[in-house]
Amino acid sequence: MGGLTSVARLPWPARRLAIEALSLLPRAALSIKRRPFLATVGFGAVPIGAAREVDVALLGRIVAAVARRLPFRAMCFEQGLTVQRMLRRRGLPAVLHYGIDPADGMRAHVWVSLDGRIVHGGETAEEFTEVGCWG
């Protein structure tokens, strides 16, 4: 995607994912800013919906691509909440993991796993110690 205007040129399945990510990322960001932490992690941990086919890797790439083009900060927490919510709505039991850097307790990271395998945010997950998971 070259920009948000290029969403219309994506194949339909990818376009739907991009539109959904575009609607969820701002809501995730707002939840992080306005709601208590435990209420915020509930944003992604929605009930598991009916099974629908989805390319999990594509979903993660699209959420990251949309996040990079938003006019506000949408980092790992916003993306993780969005990915988890989108996967759970498609019948997949995605789990959100929250970790802190043991050397610098102020640095944190969020990643999402599915059946024990990291599917989003795994690039730096090994640098962090998990302190909680939801899903």
Side-chain angles (χ1 to χ4, degrees):
M1 291 193 321
L4 292 178
T5 56
S6 65
V7 168
R9 290 182 290 204
L10 292 171
W12 178 242
R15 188 182 329 165
R16 276 183 27 189
L17 292 173
I19 292 168
E20 186 176 352
L22 188 56
S23 74
L24 291 175
L25 282 164
R27 292 172 54 200
L30 189 61
S31 183
I32 292 167
K33 286 185 185 271
R34 303 281 170 124
R35 299 175 71 199
F37 182 81
L38 290 178
T40 294
V41 294
F43 178 85
V46 296
I48 296 175
R52 291 189 280 166
E53 190 171 319
V54 64
D55 181 335
V56 174
L58 175 65
L59 185 149
R61 287 194 310 271
I62 287 178
V63 169
V66 170
R68 284 192 302 271
R69 288 158 176 83
L70 292 173
F72 59 87
R73 175 185 174 267
M75 304 299 281
C76 63
F77 201 4
E78 293 88 346
Q79 290 181 40
L81 289 168
T82 299
V83 167
Q84 182 191 29
R85 186 175 179 119
M86 291 173 73
L87 290 174
R88 291 180 70 87
R89 289 179 59 186
R90 287 164 174 78
L92 299 170
V95 176
L96 183 84
H97 302 266
Y98 191 90
I100 60 169
D101 182 344
D104 176 5
M106 296 301 292
R107 201 171 141 230
H109 183 58
V110 169
W111 62 96
V112 177
S113 72
L114 185 60
D115 297 326
R117 185 176 57 92
I118 297 174
V119 295
H120 190 78
E123 305 82 21
T124 58
E126 71 278 349
E127 299 172 22
F128 297 87
T129 300
E130 183 178 311
V131 293
C133 64
W134 295 267

Checklist entry - Do Val119 and Leu87 have side chains that get closer than 4.5 Å, going by heavy atoms? => result yes
Checklist entry - Is the number of heavy atoms from other residues, nucleotides or ligands within 6.0 Å of CZ (Arg52) greater than 12? => result yes
Checklist entry - What about Ile100 and Leu38, same hydrophobic cluster or not, with Ile/Leu/Val/Met/Phe/Trp/Tyr joined at side-chain heavy-atom distances under 4.5 Å? => result yes
Checklist entry - Do Ile62 and Met75 share a hydrophobic cluster (ILVMFWY, side-chain heavy atoms under 4.5 Å, transitive)? => result no
Checklist entry - Under the 3.5 angstrom rule, does the side chain of Arg35 hit a backbone N or O of Thr40 as a donor-acceptor pair? => result no
Next on the checklist: As an exercise, state the distance from CG of Leu24 to OG of Ser31, rounded to the nearest 0.5 Å.
Outcome noted: 11.5 Å
Next on the checklist: Applying the side chain to side chain contact (heavy atoms under 4.5 Å, CB included) criterion to Leu17, which one of Leu10, Val66, Leu59, Leu22 satisfies it?
Outcome noted: Leu59
Checklist entry - Taking only residues two or more places apart in sequence or in another chain, which ones pass side-chain contact (heavy atoms from CB on, under 4.5 Å) with Arg68? => result Ala64, Ala65
Next on the checklist: Closer than 3.5 angstrom, by distance alone: can the side chain of Arg85 be matched with the main-chain N or O of Val46 as a donor-acceptor pair?
Outcome noted: no
Item to check | Inter-residue atom distance Ile118.CD1 - Glu126.CD, 0.5 Å rounding | outcome: 8.0 Å
Item to check | Reported CZ-to-CD1 distance for the pair Arg73 and Ile32, which is rounded to 0.5 angstrom | outcome: 7.0 Å
Item to check | Hydrophobic cluster membership, Val95 vs Ile48, 4.5 Å side-chain cutoff | outcome: no
Item to check | Closest non-hydrogen atom pair between Gly80 and Val110, with its separation | outcome: CA-CG1, 4.2 Å
Checklist entry - Which atom names give the shortest non-hydrogen contact between Cys133 and His97, and what distance separates them? => result CB-ND1, 3.7 Å
Checklist outcome for this item: ring pair (Phe, Tyr, Trp, His ring centres under 6.0 Å) pairs touching residues 112-133, sequence neighbours excluded, are His109-Phe128
Checklist entry - Got a second to check how far Glu123's CD is from Trp111's CH2, nearest 0.5 Å? => result 12.0 Å
Checklist entry - Between Ala74 and Ala67, what is the shortest heavy-atom contact and its length? => result O-CB, 3.6 Å
Checklist entry - Do Val131 and Phe77 sit in the same hydrophobic cluster, where Ile, Leu, Val, Met, Phe, Trp and Tyr count as joined when their side-chain heavy atoms come under 4.5 Å apart? => result yes
Next on the checklist: Could you tell me if the side chain of Pro93 sits less than 4.5 Å from the side chain of Leu114, heavy atoms only?
Outcome noted: yes
Next on the checklist: Looking at every heavy atom in both Ala21 and Val63, which two are closest together, and how far apart are they?
Outcome noted: CB-CG2, 3.9 Å
Checklist entry - Any chain of hydrophobic side-chain contacts (each under 4.5 Å) joining Phe43 to Leu30? => result no
Checklist entry - Taking Thr82 for the side chain and Glu78 for the main chain, is one N or O donor matched with an acceptor at less than 3.5 Å? => result yes
Item to check | Tyr98 and Trp134 aromatic ring geometry - parallel, tilted or perpendicular at 30°/60° bounds | outcome: perpendicular
